[in-house]
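Shown next, in structure tokens, is the structure this report addresses.
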Amino acid sequence: MTTAATNTEAQPHAGRKQRSERPSTLALLVNNRLAAAGLVILGVIVATALAAPILPLADPNATNPAGRLAPLFSEGHILGTDALGRDTLSRLIWGARVSLAVGFSASVIAAVVGSAIGLVAGYAGGRTDQVMMRLIDMLMAFPYILLALAIVAILGPGLINALYAIAIVNVPFFARNIRGITIGLARREFVDAARLSGKGPLRILGSDILPNVLPTIVITLSTTVGWMILETAGLSFLGLGAQPPQADLGSMLGEGRKVLFTAPTISLVPGLMIFLIVMSINLIGDGIRDVLDPRLRSGALARPSFRTAILPDRARPASMIDQAATLDVKNLETQFRMGSEVYRAAGGVDLRIARGECLGLVGESGSGKSVTAMSLMGLVPSPPGVIAGGLIGFKGEDLAEAPDKRIRELRGGAVSHVFQDPLATLHPLFPVGDQLVEAIRAHQRIGRSEAETKAEDLLALVRIPNPAARMKALPHELSGGLRQRVSIAMALANDPELIIADEPTTALDVTVQAQVLRLMDDLRRERDAAVLFITHDFGVVSEICERVAVMYAGRIVETGRTDEILKEPTHPYTRMLIDCVPVMGEPERRLDAVPGRPPPVNRLPPGCAFADRCPRAQADCRSGDIPLEAKRGSLEARCLHPLQPGESLT
Ligand code: ADP
Ligand code: MG
């Protein structure tokens, strides 16, 4: 049950492997339209400036008093001449060459010196850090341009001195930035490990810390180059940079100022050039920042949208939503769209959970379980995520059609989530009791003391000993198991009808895991809530789920009653996953992971996505859509050559 697009757009099998899975940095940069425009403008300017010696230009310094202040487009002088009769076009190109060179060199000097100071100060810490940072603070204590003026005053006017001045003034900027990041990194485990391996401080700085701060240096650099070109122009404008007759953009502006009213174009032309250079550099800088920061790339830091974008022209299946089921998802398609790449993280998922039922969603890491679960309440970050098709039926209502207000009402109310890492989902600075109270009062109009009583009851309900005292505990003061119990209590706060638990026990040790599982199972039965339980572990599934759905490369490949699937699955992938679960007293059982890797979801092969790893695959597995069909008993599978009862894989 997939849309035709899944197959027609899929790449042919052979071409698939050579291409990389993610778009390259340059491809992403060019995809950002503004950055690409900046790149083109700057490219043209830099190329022209570099080619100045070989271009048929007039001598930029040759004066001609007779032809002074020629207007634009006069013969032989396209951009006219200045007050001394010099060709403006020639001076503009030569001047841009000087300004760019000074601006870039000043930035690179500031970046290298500043980053080195920041790295050493941040890594060494203690007194070294104190001394270096106080010196930097002294530089920062003066107004910026005044300091540059003072430095030029001491060194004497001239382009090179202006370059030094601007580089020095910008050193603190880099030093402060890089020191901050280095301090954080220097205490990380991988740096400890490097120390333990016997590496010296210089090698650690060079090979462990520098690569981690390099993106920041590049980003800071790309966003400051434009600024430094402006500053160079400023100093030259004041007569402290380029000295006559040499042209740079700032000095051209300064000369134009004297005839601003009689011949405004003389200052307009270099002004426009400065504007173009700085603007294009800033656009590229922004683009580089977006591309280099992996979190921005994945969309995690994008402006948080309230809800995943839902395509208005999405494919809707013809069948109706089951009114009786708590959750009835039909052909859900969630995609990540980055540039021209489309990642089909959920490529037509069907799930149905009855009231009070627990459905296990199983699959290898990256198979799309979390994305499916997050799509239900619109929690997938947009961009890059979009819901591109399907129905999300919750008690007969299609949530993909529901207004934002309704979704807000359901979140944490009738539908609640338990995540894998409670330390990441609980607020680190507030006592857990306060957080529970907040969760309760977000959905129920009750007073604070009443909510506190409720919160305490909830903590008792999830079997936390001495709940009254625990109310005041901060998340980090609780053990992993207790923290996960708090998350469960929070999920139960508003009597949910659907609990979505995304690997809630994966981070816990086995005994605590067993306790938490039993607790969830009891609570679900007491409250008759439906549970979508996500895990990659069939052992966990067998303990609490009545039914299982097995996911692979964004689609459900087999589903049915837990006991039947565990006993005799029909899909080879399910069989292999089950074989990965260790069994006490059977040490000879082979426990190798499923060999091979799932296909990247932006280049799914036609036919069965598992065919490449499947020992039973035949030619017909590699073409056409393979539907989810009833096989044996309650089992439905997406397989042309299912396992028969008693049959083994090899
Ligand atoms: P799992 O089954 O382990 O929970 P996920 O649902 O997290 O897997 O991921 C499914 C696919 O979606 C993976 O290929 C992953 O790389 C991709 N993916 C998940 N989140 C994002 C995101 N924010 N941006 C881009 N791709 C993502
Ligand atoms: Mg996950």
Side-chain angles (χ1 to χ4, degrees), residues 6 10 16 19-25 27-28 31 290-291 293-305 307-309 329 332-349 351 359-388 390 417-422 424-425 484 487 500-508 532-538 540-541 548-559 573-574 577 580 593-594 596-605 609-610:
T6 314
R16 189 165 50 86
R19 294 227 234 142
S20 79
E21 293 170 24
R22 296 225 166 233
S24 73
T25 304
L28 279 173
N31 234 306
D290 289 2
V291 165
D293 191 320
R295 286 165 303 171
L296 282 170
R297 196 191 285 208
S298 72
L301 281 187
R303 269 160 277 130
S305 52
R307 183 178 176 188
T308 313
V329 175
L332 172 70
E333 290 193 50
T334 305
Q335 308 177 341
F336 294 99
R337 299 193 167 174
M338 289 181 255
S340 56
E341 292 287 325
V342 177
Y343 296 83
R344 294 169 203 282
V349 173
L351 294 173
L359 174 74
L361 187 58
V362 204
E364 278 168 295
S365 175
S367 52
K369 308 179 297 291
S370 298
V371 169
T372 302
M374 307 271 272
S375 302
L376 304 182
M377 281 287 115
L379 293 173
V380 177
S382 280
V386 290
I387 293 181
H417 287 84
V418 182
F419 292 102
Q420 175 173 351
D421 182 6
T425 44
Q484 197 54 293
S487 306
I500 300 171
D502 193 346
E503 313 226 12
T505 57
T506 306
L508 306 175
L532 176 61
F533 194 97
I534 298 176
T535 172
H536 56 254
D537 183 351
F538 257 108
V540 170
V541 167
V548 185
V550 181
M551 197 157 182
Y552 185 77
R555 308 189 79 183
I556 305 293
V557 294
E558 177 154 25
T559 170
Y573 177 62
T574 317
L577 276 185
C580 289
V594 185
R597 275 192 325 139
V601 285
N602 55 338
R603 310 218 188 287
L604 288 176
F610 188 59

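Counting convention: from 1, in listed order, for ligands and their atoms alike.
- Remark: D537 pairs with no residue by the side-chain hydrogen bond (donor to acceptor under 3.5 Å, both in side chains) rule, at least two apart or across chains.
- Using a distance-only test at 3.5 Å, with no hydrogens or angles considered, a donor-acceptor pair links the side chain of Q484 to the main chain of P504.
- Distances below 4.0 Å separate heavy atoms of S365 from the following atoms of ligand 1: 3 (O).
- Atoms OH and CG, from Y552 and L577 in turn, are 10.0 Å apart once rounded to the nearest 0.5 Å.
- Taking CG from L359 and CG from L532, the interatomic distance works out to 6.0 Å, rounded to the nearest 0.5 Å.
- Nearest to atom 12 (O) of ligand 1 by heavy atom, out of P600, A345, S375, is A345.
- Residue contacts with ligand 1, taken as heavy atom pairs separated by less than 4.0 Å, do not involve M551 at all.
- Under the ring pair (Phe, Tyr, Trp, His ring centres under 6.0 Å) criterion, F419 pairs with H417, not counting sequence neighbours.
- For ligand 1, one of its N or O atoms has an N or O atom of G366 under 3.5 Å away.
- Each protein N/O/S atom under 2.8 Å from the Mg ion (ligand 2) was counted, for a total of 1.
- Those atoms of ligand 1 that come under 4.0 Å of a heavy atom in E364, given as number and element, are 2 (O).
- No side-chain donor from either of E503 and T535 sits under 3.5 Å from a side-chain acceptor of the other.
- Counting heavy atoms only, V371 comes closest to atom 5 (P) of ligand 1 of the residues L361, V601, V371.
- Judged by distance alone, the side chain of S382 and the main-chain N or O of G385 form a donor-acceptor pair under 3.5 Å.
- Applying the side-chain contact (heavy atoms from CB on, under 4.5 Å) test between L361 and each of I500, D502, V548, I534 identifies I534 as the sole match.
- Considering only residues two or more places apart in sequence or on other chains, E364 meets the side-chain hydrogen bond (donor to acceptor under 3.5 Å, both in side chains) condition with Y573, R613.
- Contact annotation: S367 has at least one heavy atom less than 4.0 Å from an atom of ligand 1.
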